[in-house]
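A quick note: this is a predicted structure, and the numbers were derived from the prediction, not measured.
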Amino acid sequence: MPYSRVVEVDRASRAVVWEYRDDPPQNFYSPYMSSAQRLPNGNTLIAEGSFGRIFEVTSGGEVVWEYVVPRFGSFGEGVGLESSGWAQNAVFRAYRYARSEIAWLRSAT
């Protein structure tokens, strides 16, 4: 069964120091476009791109929250994979920003 995983590798030793897989593994699968971001609290933000799922896991692999994009649409002609001819809720990637990094979004007081 195909499945996706998030792997952290120590650059010096090339050893895997952390890995996330779902249980069962095939519950987390994106054949293209996804992302992962280690957060300051030690958790990891994961975007399961093909299926519009964004979720956060602890270092122990516990999912602490998730969001599934509810809006489905088609890619434009000539964009995406051949298998993308139907409506999808795909996301390219996701980032978590600290409040200090988006101060310009706060309304003036």
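- Chaining together hydrophobic side chains whose heavy atoms lie under 4.5 Å apart places Val7 alongside Val9, Val16.
- Nearest heavy-atom pair, Met33 versus Ser30, reported as atom, atom and distance to 0.1 Å: O-OG, 3.3 Å.
- For Ser50 (side chain) and Tyr32 (main-chain N/O), a donor-acceptor pair under 3.5 Å exists by modelled atom type.
- A distance of 11.0 Å separates CD1 of Ile46 from CD of Glu66, quoted to the nearest 0.5 Å.
- In this structure, the side chains of Tyr20 and Ser4 stay at 4.5 Å or more apart for every pair of heavy atoms.
- Using cut-offs of 30° and 60° on the angle between ring planes, the pair Phe28 and Phe55 is perpendicular.
- Proximity of a side-chain donor or acceptor of Glu48 to a complementary backbone N or O of Ser34 within less than 3.5 Å is not detected.
- Rounding to the nearest 0.5 Å gives a distance of 10.5 Å between CZ of Arg96 and CD1 of Ile54.
- Atom CG in Asn41 sits 9.5 Å away from atom OG in Ser59 (nearest 0.5 Å).
- The distance from the CG atom of Asn43 to the CD atom of Gln37 is 11.5 Å, given to the nearest 0.5 Å.
- Of all the heavy atoms in Asn27 and Arg53, the pair that sits closest is O-NH1, 4.2 Å.
- Side-chain atoms of Asn89 come within 3.5 Å of backbone N or O of Phe51 as a donor-acceptor pair.
- Hydrophobic clustering (side-chain heavy atoms under 4.5 Å, transitive across Ile, Leu, Val, Met, Phe, Trp, Tyr) groups Tyr67 together with Leu45.
- Val91 and Tyr95 fall into different hydrophobic clusters, where Ile, Leu, Val, Met, Phe, Trp and Tyr residues are linked whenever their side-chain heavy atoms come under 4.5 Å apart, directly or through other members.
- Linking ILVMFWY residues whenever their side-chain heavy atoms come closer than 4.5 Å, directly or via other members, leaves Leu39 and Tyr97 in distinct clusters.
- Using a 4.5 Å heavy-atom threshold, the side chains of Trp18 and Val6 count as touching.
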